[in-house]
Amino acid sequence: MSDFDYDLFVIGGGSGGVRAARIAAGHGARVGIAEEYRYGGTCVIRGCVPKKLFVYASKFSEEFEDAAGFGWQVGDRHFDWERLVDAKDREIARLEGVYRRNLERAGVEMFDSRALLEDEHTVRLLSDERRVRAKTILIAVGATPNVDPALPGGEHVITSNEAFHLADFPKRVVVAGGGYIAVEFAGIFNGLGAETTLIYRGEEILRGFDDDLRSALHEEMENKGIRVLCGDVFTSIEKAGDGSLLGRTRQGAALEADKIMFAIGRRPNTAGLGLESAGVEMSANGAIVVDAQSRTNIPSIYAVGDVTDRVNLTPVAIREGHAFADTVFGGKTWAADHSMIPTAVFSQPEMGTVGLTQAEAAAGHKSIDIYRARFRPMKHTLSGREEKMLLKMLVDADTDKVLGVHVLGPDAGELVQVLGIALKMGATKADFDATMAVHPTAAEELVTMREPSERLRA
Ligand code: FAD
């Protein structure tokens, strides 16, 4: 008889934790999992999925306008926020059910409880103060939105968590932050009809993405009516008797709003988790320090996903969880590969990116050819919309290898998923050139860009 109640106990029923639990159980391990909120985690409950549903909703306003150029007359339009939230909630509840059923079918024991670490093999379940012992513990507790505790009036702001459940749709919204969540929500609020402002401390939105796309997106967002204020931050927020908010900024602006949403980054969910009692090492921002195999400094404890602050995306958390379970319980050692990860920003227009940005390519390579195409997508020739698409490819001129591709325009996320395969395989510019175009598409530009727009040499 084993000294342990479980071979594996997982803390956190989100993307990484659920995948690890199911795969480990499939390998014959006795697995328990604790989730303090809802199974599915951030992505399913208050992240990627509800966000994308809101993005779809917000695009209809432009679709109705564009239809006129194609001969359609669209009658009176009315948007009902409550109906959208209800429909979204039903879909999220369905997905949560799928997550629960999958865990049940795999034979994983579920606990609806907050769980804390007591020592390197013991987990305390707060729902009934039970203690369970596991040979291996996986921490997959994700991350939580940052707010600014020092900001006067900071208690009046919402984060993405609350944005999914607002009782009324706000007429005026200010989103603070310049990362992908801020940019996406600015597009959502604007498309659904709110007067929208984005305020960001940095020089340009979307730090870490390719500079050409950052400025092109900034321009397109402004063309759609979003006020984008860079290089400024809130210094105070006041709430009036009627519930409206007034945010004052360092540059002297006074921004009135019904809601102010902070999307200024996320921090690992490790506060009060008991990591200190088990001796688990953390970095300065509270992330759990792990090696490529997701091992912590304590041999019985592993961590995957956002709590490790490596690449904070759902598919990455899932793959890390899968690799952990195969390695520890399936006799098959492998590690998630964090290189060349394609990713999308569901901004409007959408952004998709894989590989190096121009700045990164220039820093690591002597000779780079840059291919750029900025054009009006075919649909807008009749819709009359001025929005432009941008495609950019970076090629190592010495080896012909494609180092990065960046897309701003319709379905950019779908496009870079497939481009990611080519780049992961080490595609060269000659491979792109040898591929027949699909006509008429916007993506055909990628295989017909003959001459570099720019040549960078050391
Ligand atoms: P999570 O999915 O966050 O799961 C952690 C779980 O642990 C949570 O359910 C939490 O309730 C639970 N938990 C925490 N502490 C405890 C405890 N002590 N005891 C028990 N349970 C606990 N990624 C993409 O790839 N694409 C996107 O489009 C995208 N959009 C996003 C939009 C938003 C608004 C946000 C916030 C995130 C988005 N992400 C997106 C990021 C993505 O959601 C995360 O990278 C992913 O969910 C990380 O998975 P995880 O398993 O590490 O953590």
Side-chain angles (χ1 to χ4, degrees), residues 9-21 32-55 92 95-96 99-100 110-118 123-127 137-146 158-164 175 177 179-186 188 261-275 286-288 290 294 302-322 324 336 341-347 350-352 413 416-417:
F9 198 91
V10 180
I11 305 182
S15 307
V18 168
R19 173 58 67 94
I33 186 168
E35 167 55 51
E36 69 174 345
Y37 183 53
R38 295 177 66 184
Y39 282 91
T42 303
C43 177
V44 175
I45 308 295
R46 45 195 183 185
C48 338
V49 176
K51 181 261 317 263
K52 186 94 188 268
L53 294 174
F54 279 11
V55 169
I92 300 309
L95 288 174
E96 188 188 3
Y99 269 74
R100 281 184 177 270
M110 281 175 275
F111 297 89
D112 291 343
S113 172
R114 179 163 172 82
L116 304 182
L117 265 187
E118 291 233 309
V123 173
R124 180 154 67 98
L125 298 166
L126 294 193
S127 58
I137 294 170
L138 177 70
I139 301 172
V141 294
T144 192
N146 275 333
I158 59 165
T159 67
S160 58
N161 285 351
E162 294 75 40
F164 291 115
V175 181
Y180 77 94
I181 294 175
V183 162
E184 290 173 343
F185 270 91
I188 290 169
M261 175 179 148
F262 266 46
I264 55 170
R266 295 172 60 80
R267 63 174 190 284
N269 232 336
T270 48
L273 192 60
L275 294 170
I288 298 180
V290 287
S294 299
Y302 292 70
V304 295
D306 284 10
V307 74
T308 62
D309 199 19
R310 286 177 278 183
V311 181
N312 299 330
L313 293 169
T314 289
V316 178
I318 290 175
R319 205 159 277 197
E320 288 168 0
H322 200 135
F324 152 79
I341 295 174
T343 181
V345 178
F346 295 99
S347 47
E350 199 166 299
M351 190 187 272
V416 291
Q417 178 64 85

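Ligands are counted one by one from 1 in listed order, and the atoms in each one are counted from 1 as well.
If you number the atoms of ligand 1 from 1 as listed, the ones under 4.0 Å from a heavy atom of Leu313 come out as 23 (N), 24 (C), 25 (O), 45 (O). Close approach of ligand 1 to Leu273 (heavy-atom distance below 4.0 Å) involves ligand atoms 18 (N). Distances below 4.0 Å separate heavy atoms of Cys43 from the following atoms of ligand 1: 43 (O), 47 (O). Close approach of ligand 1 to Gly14 (heavy-atom distance below 4.0 Å) involves ligand atoms 2 (O), 4 (O), 6 (C), 51 (O). The atoms of ligand 1 that sit less than 4.0 Å from any heavy atom of Gly142 are 3 (O), 5 (C), 52 (O), 53 (O). Set against the non-hydrogen atoms of Asn269, the atoms of ligand 1 under 4.0 Å away are 14 (C). Below 4.0 Å from some heavy atom of Val141 lie the following atoms of ligand 1, by number and element: 5 (C), 7 (O), 14 (C), 15 (N), 16 (C). Taking every non-hydrogen atom of Tyr37 and a distance limit under 4.0 Å, the qualifying atoms of ligand 1 come out as 11 (O).
Looking at atom 35 (C) of ligand 1, its nearest protein heavy atom turns out to be Ile181 CD1, 3.5 Å. Of all protein heavy atoms, the one closest to atom 13 (N) of ligand 1 is Glu36 OE2, 3.7 Å. In terms of protein heavy-atom proximity, atom 37 (C) of ligand 1 is nearest to Tyr180 OH, 3.7 Å. Counting protein heavy atoms only, atom 29 (C) of ligand 1 is closest to Cys48 SG, 3.3 Å. Scanning the protein heavy atoms around atom 9 (O) of ligand 1, the nearest turns out to be Glu35 OE1, 2.7 Å. The nearest protein atom to atom 19 (N) of ligand 1, hydrogens excluded, is given as Ala115 N, 2.9 Å; this is a heavy-atom distance. Looking only at heavy atoms of the protein, atom 25 (O) of ligand 1 is closest to Thr314 N, 3.0 Å. Residue, atom and distance of the protein heavy atom nearest to atom 28 (O) of ligand 1 are Lys51 NZ, 2.8 Å.
Under the 4.0 angstrom criterion for non-hydrogen atoms, Tyr39 is not in contact with ligand 1. Heavy atoms of Ser113 approach ligand 1 to within less than 4.0 angstrom. Taking a 4.0 Å cut-off on heavy atoms, Lys52 fails to register as neighbouring ligand 1.
Atom CZ in Arg266 sits 8.5 Å away from atom CG in Asn312 (nearest 0.5 Å). Distance NE2/His322 to OG/Ser15: 14.5 Å, rounded to 0.5 Å. Put simply, CG on Leu95 and CD1 on Ile45 are 8.0 Å apart, with the number rounded to the nearest 0.5 Å. Note that CG of Leu313 is 6.0 Å distant from OH of Tyr180, once rounded to the nearest 0.5 Å. Summarising the geometry, atom NZ belonging to Lys51 is positioned 15.0 Å from atom CZ belonging to Arg46; distances are rounded to the nearest 0.5 Å.
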Would you sort out whether Glu350 and Val55 count as a side chain to side chain contact (heavy atoms under 4.5 Å, CB included), showing the intermediate values? CA-CA 10 Å; Glu350 199 166 299; Val55 169; 5.8 Å; no
Pair Met261-Ile181, side chain to side chain contact (heavy atoms under 4.5 Å, CB included): steps then yes or no: CA-CA 10 Å; Met261 175 179 148; Ile181 294 175; 4.2 Å; yes
Let's go through Val141 and Glu36 carefully: what are the C-alpha distance in whole Å and the side-chain angles of both, what is the deciding distance for side chain to side chain contact (heavy atoms under 4.5 Å, CB included) to 0.1 Å, and is it a yes or a no? CA-CA 10 Å; Val141 294; Glu36 69 174 345; over 6 Å; no
Passes side chain to side chain contact (heavy atoms under 4.5 Å, CB included), Leu275 versus Leu117? Steps please. CA-CA 6 Å; Leu275 294 170; Leu117 265 187; 3.7 Å; yes
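Within the 4.5 Å cutoff, the side chain of Ile139 has heavy atoms near those of the Leu273 side chain.
Here atom 49 (O) of ligand 1 lies nearest to Ala317 when heavy atoms of Ser127, Pro50, Ala317 are compared.
Checked against a 3.5 angstrom limit, the closest N/O atoms of Glu184 and ligand 1 fall outside it. Considering backbone and side-chain N/O of Arg266, none are found under 3.5 Å from N/O of ligand 1. Considering backbone and side-chain atoms alike, Thr42 places an N or O below 3.5 Å from some N or O of ligand 1. Considering backbone and side-chain N/O of Gly16, one or more are found under 3.5 Å from N/O of ligand 1. At a 3.5 angstrom cut-off on N or O pairs, Arg46 does not count as close to ligand 1.
Under 3.5 Å, the side chains of Arg310 and Ser294 contain a donor-acceptor pair of N or O atoms.
In terms of modelled atom types and a separation under 3.5 Å, the side chain of Thr270 and the main chain of Gly286 share a donor-acceptor contact. With hydrogens and angles ignored, the 3.5 Å screen pairs a side-chain donor or acceptor of Glu162 with a backbone N or O of Thr159. Counting only distance, with no hydrogens or angles, the side chain of Glu184 and the backbone of Phe346 share a donor-acceptor pair below 3.5 Å.
Taking the six-membered ring for Trp, Phe185 and Phe262 have ring centres at least 6.0 Å apart.
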